[in-house]
Amino acid sequence: MKRRYIIGVSAIILFLIVAFISFDQSKIEYANFEKAKNTGKTVQVIGQWVKEKGQNYDPTSNLFTFYLKDSNDEIVKVIHSGAKPNNFEIADNIVVKGKFNSDEFHSTDILTKCPSKYEGQADDLMKY
Amino acid sequence: MIGKIFVFLAFASAISAVLGYLFSVGKRENLIKTARYSYYALLVMILIISIIHLSNILAHNFQVTYVWQYSSRELSDFLLASTFYAGQEGSFLLWSLMVALIGYFLIPYARKHNYEWAVMGIYSLILTFLTIILIFKSPFEYIWETFPDEGLTPSFMPENGRGLNPILQNYWMAIHPPILFIGYSAMTVPYAFALAGLIKRDYKNWINVSLPWTIFATGILGFGIMLGGFWAYETLGWGGFWGWDPVENSSLLPWIIAVTLVHTMLVQRRTGGLIKTNLILSIMSFVLVLYATFLTRSGVLGDTSVHSFADPGKFIYALLVIFQITFFTLGISAIILRLKDISRQKLEFNPSSREFILSLGSVMLLVSAAVIFLGTSWPLITEILGVTKSSVEIEFYNTWNLPLIIGILLLNGASIYLSWKSTDLKNLKRNIITALIVSAIPTIIIIAFGVTQIGLIILAYSSIFALYINSKKIIKIIRQKPRSIGAYLSHAGLAIMMLGVLASGPMSQTDHLSLKLGEKQTTLGHHFTFIGKEQIEKQYPDREKYQYLIEVERNGSKTILTPIVNWSDFNAREAPFLEPSIKTIFTGDLYVAPLNVETRLEIPYVIVQKGETAIFEDFDNAKLSFVKFDMSQIMQEQTTHIAKLGAVIELQLSDTAYTDTLYTSLDMHTGNSDAIWKTIPNSNFEIGFLYFIQNRENMPLSKAVIAIKEINASLPEPTEAINLEITFKPFIWLVWVGVIFIFAGMMISITKYQKKNQPEPVKSISKAEEVKIAG
């Protein structure tokens, strides 16, 4: 009877420790470029595309390059390994996941947040 | 207005059913009759609400905000009908409708098993909450109520609706959500039975009564989830059928708990153990359904999911939280109250018994659920704790679930050779060793095909092990006891599915192509040629939808794949909606997903809006600022239908900068533009305003296309190019076959346990009760 409890409790504790460690390793914080540069860790940065600086997708290397301005107005060149997201130009906000390599942010994942206007706002009423 | 009245009537009927059932304890058979009729009234009300909602949609009644927001005149009939549940209000209504309908079949069943008042009392309570949501999240609100500040008169009828999001415009929209919601709704039943058992102090028989329903709910929910995965794969172009997205995860959680519950219920039937576990799991599978609706509707995961969420408003947010807490607390406190009553007899399972292995497998399922719960809720948890918001990587889920699924498959295979209570170890050893040896042969073949990662090899080995043992068992018993093959069929399905996951995921190959019209390129053993495009669905003025014709050639045989690029008014045609095209052969799927299309001009050019600055990357990084359009000369040549449109620009070269106005001659009849080229000072180049991209809805957002070329060089024709992602997914059909096996197995099992499940001899008092009710 007691043996069963000891085994059970130690299994749970072991699980929690392993879970916590693996969790800590695979969690990705939201950060700005400054923090990303300082920690060197993989983070998620939310920002806006800097239109004036253009963007370029190279299909042969499958790299998409653009400039992103974070919440501190810091502008950084982002090299994303993958295609240009389909609604890139119209996105309000862009979330990139990756880390710094010298002065460039190398992103592995990109998420575009589209304007909420597609949910239907009052000013759309008159148009339809 | 009439719809809202029926919502209130539904709410009143639900309350009446709850009170009637709960106060009918004992011999008040009149009351139970009232309660039952209240329930039928509730069902009728919800049916009427649904009919009104549907007819609003079908009649294009755009006065109703919901109809205006989610539908339009440009939808085919069945897509129009499926906007019933395109928005939150409608999906809550669909949920209520499914719960109410399932209740209609539950009443006679519960009555037969002498469980009606307790089960239907709890069940009606859940429906009461759903009708409260319908009151506050009404699909019948008028636009002048939704937008009170716009000064709309109460009869204002918009010409057309905003329409259904084009990514949802697909036949899957008519299939996936209803099935998923039947699954969600059916999870209400095990919860109601668990609470009814607690109320009636029956901790044993409720398992037998609840089991067929639990298997039904699990089967349908799992099927619904995977249909969503197939939809994502086939038309949304996400590349795979599963992405560990929060929305997918949150629907998976109640499913894993329900799967566990089915197994622990079987253990209790045989051994009498795991009483509390079954009560808790029944409660959790329903509470996690509520949690899933909360996560996906509350907007808390907005930053981390590919699904988009609308902010439902603070009030509904609070209501959903209350909903979860209420039913969680209700269930847990019922268990605590009855804790002393529940048999304290502890059972030690013999390690060589089937119940021991089933319990061990259940623990693994629960660990998997815990890991997924933690990962999915992490953004929410960090937000509540007030620490830096973070989320977890996809790899986290794979790393954790790989050893768990391997364990589950091995245990499953072994469990089939085990008997309840205890097993003869000698036979067991021989059988398992045989199976391990037999499974090694196909595993070696799989390694020969290039699977090198040790974790994946073990996954393949354990899948084949489970598949072999389950198939053998099916062949053995199919003639004598066809109803009993359900479990083995489902587990064989799981093994097949895991082989499919293994083959199509880690073993897939991907490449990117950028094809100009007429161009041919080769990758992954296929030749791809972009041979043209075709406009489809021309009858709908709200879209310009093209099939791009990509000829695929391999060993001389040719097929044409048709990825779709759809420019829709839904987003003012600012970015296209894309759909992949798939070629399925025995060895796998060739998956061609469009990434974007571009018009290429072989000379340096920029596309600019008023006030913007752009760079000619291929022309010394010259900077061009677009000051404004110049309309002053537009009326000059009225008689010829040619308008001279100007663009005021500022050009900054490496050594100098100047301001100028460039003109283009626009033929008002054909829409063709002709640039009037101007020499760039001190160079061999000239600059011209090629044409403008008109934004009819917002003129200031129109764009100018400005190019630079050598003086007197001819202007090259613009060419179109499509960027494609090409993936070969080996044997992905194994996943679909596996899913069908899992589902079919569960449906067969329902009949098995329903048949086994003749009601226990009814006590004399309740028998009298039954007779009176019937009379």
Side-chain angles (χ1 to χ4, degrees), chain A residues 1 4 8 11-12 15-16 18-20 22-23 25-31 35 42-44 46 51-54 56-64 82-91 93 95 97 108-109 111-128, chain B residues 62 65 68-70 72 143 146-147 149-150 152 156 158-162 165 302-304 306 308 310-311 346 348 363 367 370-371 374-375 378 382 388-393 395-396 399-400 511-514 570-571 574-578 595-596 598 606 612-615 617 697 721 723 725:
Chain A
M1 195 57 247
R4 206 173 89 165
I12 291 169
F15 164 69
L16 285 176
V18 178
F20 184 79
S22 91
F23 212 75
Q25 281 171 351
S26 60
K27 80 171 185 206
I28 304 172
E29 289 189 347
Y30 283 80
K35 196 173 167 189
T42 299
V43 292
Q44 302 186 59
I46 187 162
K51 271 188 185 179
E52 297 79 52
K53 297 202 165 208
N56 176 50
Y57 172 64
D58 177 14
T60 40
S61 60
N62 193 33
L63 290 177
F64 176 53
K84 181 175 107 177
N86 165 36
N87 38 18
F88 183 80
E89 281 93 347
I90 56 168
N93 282 306
V95 185
K97 197 187 275 183
T108 52
D109 235 327
L111 211 64
T112 49
K113 294 276 132 196
C114 282
S116 55
K117 69 175 177 184
Y118 303 133
E119 285 302 325
Q121 297 287 310
D123 40 319
D124 287 341
L125 268 174
M126 305 307 169
K127 269 187 276 171
Y128 294 94
Chain B
F62 297 124
T65 309
W68 170 75
Q69 198 144 356
Y70 297 105
S72 68
I143 40 174
T146 314
F147 307 108
D149 304 333
E150 297 295 306
L152 302 168
F156 175 75
E159 277 289 297
N160 201 348
R162 281 203 32 86
N165 191 329
D303 285 346
T304 54
V306 285
S308 62
D311 193 356
K346 292 282 179 194
E348 289 277 359
V363 171
V367 171
V371 165
L374 228 75
W378 198 246
T382 49
T388 318
K389 203 173 168 187
S390 60
S391 60
V392 294
E393 277 188 282
E395 266 318 294
F396 170 78
T399 317
W400 268 92
D511 197 10
H512 293 84
L513 290 185
S514 180
F570 189 77
N571 63 354
E574 282 172 319
F577 293 86
L578 308 165
L595 299 171
N596 49 46
E598 38 186 10
V606 292
E612 277 183 351
T613 301
I615 295 170
E617 281 182 2
E697 290 179 354
N723 292 319
E725 185 177 71

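A note on names: the letters A, B, ... follow the listed sequences, proteins ahead of strands, and every chain is numbered from 1. Values reported hereafter were calculated over all heavy atoms of this structure, with side chains retained and with hydrogens, waters and symmetry mates removed.
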Item checked: Pairs of heavy atoms under 4.5 Å with chain A: top-ranked of B:Asn596, B:Val606, B:Val363, B:Thr65 ->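 Looking at each of B:Asn596, B:Val606, B:Val363, B:Thr65 in turn, B:Asn596 comes out on top.
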Note to self: I'd like to verify something: which residue of B:Ser514, B:Ala614, B:Ser72, B:Ala721 has the highest number of heavy-atom pairs under 4.5 Å with chain A?
What the structure shows: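 So the answer, after comparing B:Ser514, B:Ala614, B:Ser72, B:Ala721, is B:Ser514.
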Check: Tell me, side chain or backbone of A:Tyr57 under 4.5 Å from chain B's heavy atoms, or both, or neither?
Finding: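 Contact with chain B involves the side chain of A:Tyr57 alone.
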Check: Heavy-atom distance under 4.5 Å to chain B: side chain of A:Val18, backbone, both or neither?
Finding: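 Interface part for A:Val18: both.
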Next item on the list: Measure the spacing between CG of A:Asn62 and CD of B:Glu725 and express it to the nearest 0.5 Å.
Entry: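 A:Asn62 CG to B:Glu725 CD: 7.0 Å, rounded to 0.5 Å.
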Next item on the list: For B:Glu395, enumerate each residue passing the salt bridge (charged side-chain N to carboxylate O under 4.0 Å, His left out) test, keeping only those at least two apart in sequence or located in another chain.
Entry: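 Counting only residues at least two positions away or on another chain, B:Glu395 forms no salt bridge (charged side-chain N to carboxylate O under 4.0 Å, His left out).
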Check: Would B:Glu393 and A:Ile28 satisfy side chain to side chain contact (heavy atoms under 4.5 Å, CB included), going step by step from the backbone distance to the final call?
Finding: CA-CA 7 Å; B:Glu393 277 188 282; A:Ile28 304 172; 2.8 Å; yes
